[in-house]
Amino acid sequence: MAGKETEMQELMPKEVAATVPPLYATEDEGDPIARVKLFSSVSAWTWYVTEYDPATGEAFGLVEGFADEWGYFSIPEFEALNRAKGFGVIERDESFEPAPVREVR
């Protein structure tokens, strides 16, 4: 379908990415700031981005899924999944306000 891809939400637009520290920048912080909240519209999974590399699209943060764990995830892979499915399987919470991870859980 022509134009469908342009309707997809950009998960990490440049202005949002600019607010997220680079990878490894917060590794010594006991309670880093969750800068971006991503969530699945079809499951109970949530990703809180605390670090991001705009060159690769790799993000790091708290993942709430089957179990809560810290880990790396790929924003380009999330966007590819959305394009493949034709809708926002993974979405960015545009009303999310950055806060320490302990406060957003």
Side-chain angles (χ1 to χ4, degrees):
M1 292 171 56
K4 186 71 171 170
E5 187 172 321
T6 59
E7 297 172 17
M8 294 284 172
Q9 179 191 47
E10 190 175 0
L11 297 179
M12 196 66 74
K14 286 181 175 43
E15 62 273 7
V16 172
T19 69
V20 183
L23 293 180
Y24 311 108
T26 67
E27 67 184 354
D28 293 329
E29 295 180 19
D31 189 23
I33 303 295
R35 307 288 177 161
V36 177
K37 177 184 177 183
L38 304 173
F39 63 95
S40 172
S41 62
V42 297
S43 73
W45 285 62
T46 303
W47 297 263
Y48 293 100
V49 180
T50 59
E51 301 172 352
Y52 179 67
D53 181 348
T56 64
E58 185 175 31
F60 179 81
L62 179 68
V63 181
E64 293 181 339
F66 296 121
D68 294 355
E69 62 183 338
W70 291 90
Y72 293 91
F73 41 95
S74 170
I75 302 302
E77 286 181 15
F78 287 171
E79 290 176 335
L81 173 65
N82 288 350
R83 285 190 301 275
K85 296 297 183 184
F87 71 98
V89 176
I90 309 292
E91 298 180 54
R92 179 172 39 88
D93 181 345
E94 294 180 358
S95 65
F96 180 76
E97 292 291 330
V101 170
R102 68 177 155 65
E103 292 180 15
V104 300
R105 299 180 85 189

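Fair warning: this is a prediction, and the values are worked out from it, not measured in the lab. Index from 1, following the sequence.
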TODO: State yes or no: do V63 and F66 share one hydrophobic cluster built from I, L, V, M, F, W and Y residues joined by side-chain heavy-atom distances below 4.5 Å, directly or via other members?
DONE: yes
Task: Whichever hydrophobic residues join Y48 through chains of side-chain contacts under 4.5 Å - done: L23, Y24, F60, L62, W70, Y72, F96, V101, V104
Task: Atom of F73, atom of G61 and distance for their closest heavy-atom approach - done: CE2-N, 3.7 Å
Task: Flag side-chain contact, heavy atom, 4.5 Å: P32 against E51 - done: no
- [ ] Give a yes or no on whether L38 and F87 share a hydrophobic cluster (residues Ile, Leu, Val, Met, Phe, Trp, Tyr; joining criterion: side-chain heavy atoms under 4.5 Å apart).
- [x] yes
Task: Gap between atom CD1 of I75 and atom CD of E10 - 0.5 Å precision - done: 11.0 Å
Open item on the list: Looking at every heavy atom in both E91 and S41, which two are closest together, and how far apart are they?
Closed with: OE2-CB, 3.4 Å
Open item on the list: Assigning hydrophobic clusters by single linkage (Ile, Leu, Val, Met, Phe, Trp, Tyr; side-chain heavy-atom cutoff under 4.5 Å), is I33 placed with V36?
Closed with: no
TODO: Say whether F78 and W45 are linked into one hydrophobic cluster, either directly or through other cluster members, by side-chain heavy-atom distances under 4.5 angstrom.
DONE: yes
Open item on the list: Less than 4.5 Å apart, side chain to side chain, heavy atoms only: is that true for V49 and M12?
Closed with: yes
Open item on the list: I want to check something: taking the side chain as every heavy atom from C-beta on, are R105 and E64 in contact at a cut-off of under 4.5 Å?
Closed with: yes
Task: Shortest non-hydrogen contact from T56 toward P76 - done: O-CG, 3.8 Å
Open item on the list: Quick check: closest heavy atoms across Y52 and A59, and the distance to 0.1 Å?
Closed with: CD1-CB, 3.9 Å
TODO: Look up atom CD in E77 and atom CD in E58, then write down how far apart they are to the nearest 0.5 Å.
DONE: 9.5 Å
Open item on the list: Can you confirm whether P21 sits close enough to T50 that some side-chain heavy atom of one is under 4.5 Å from a side-chain heavy atom of the other?
Closed with: no
Task: Minimal non-hydrogen separation, Q9 against R92, with atom names - done: OE1-N, 2.7 Å
Open item on the list: Tell me which pairs pass salt bridge (Lys or Arg N to Asp or Glu O under 4.0 Å) where either residue lies in residues 13-35, with sequence neighbours left out.
Closed with: D31-R102
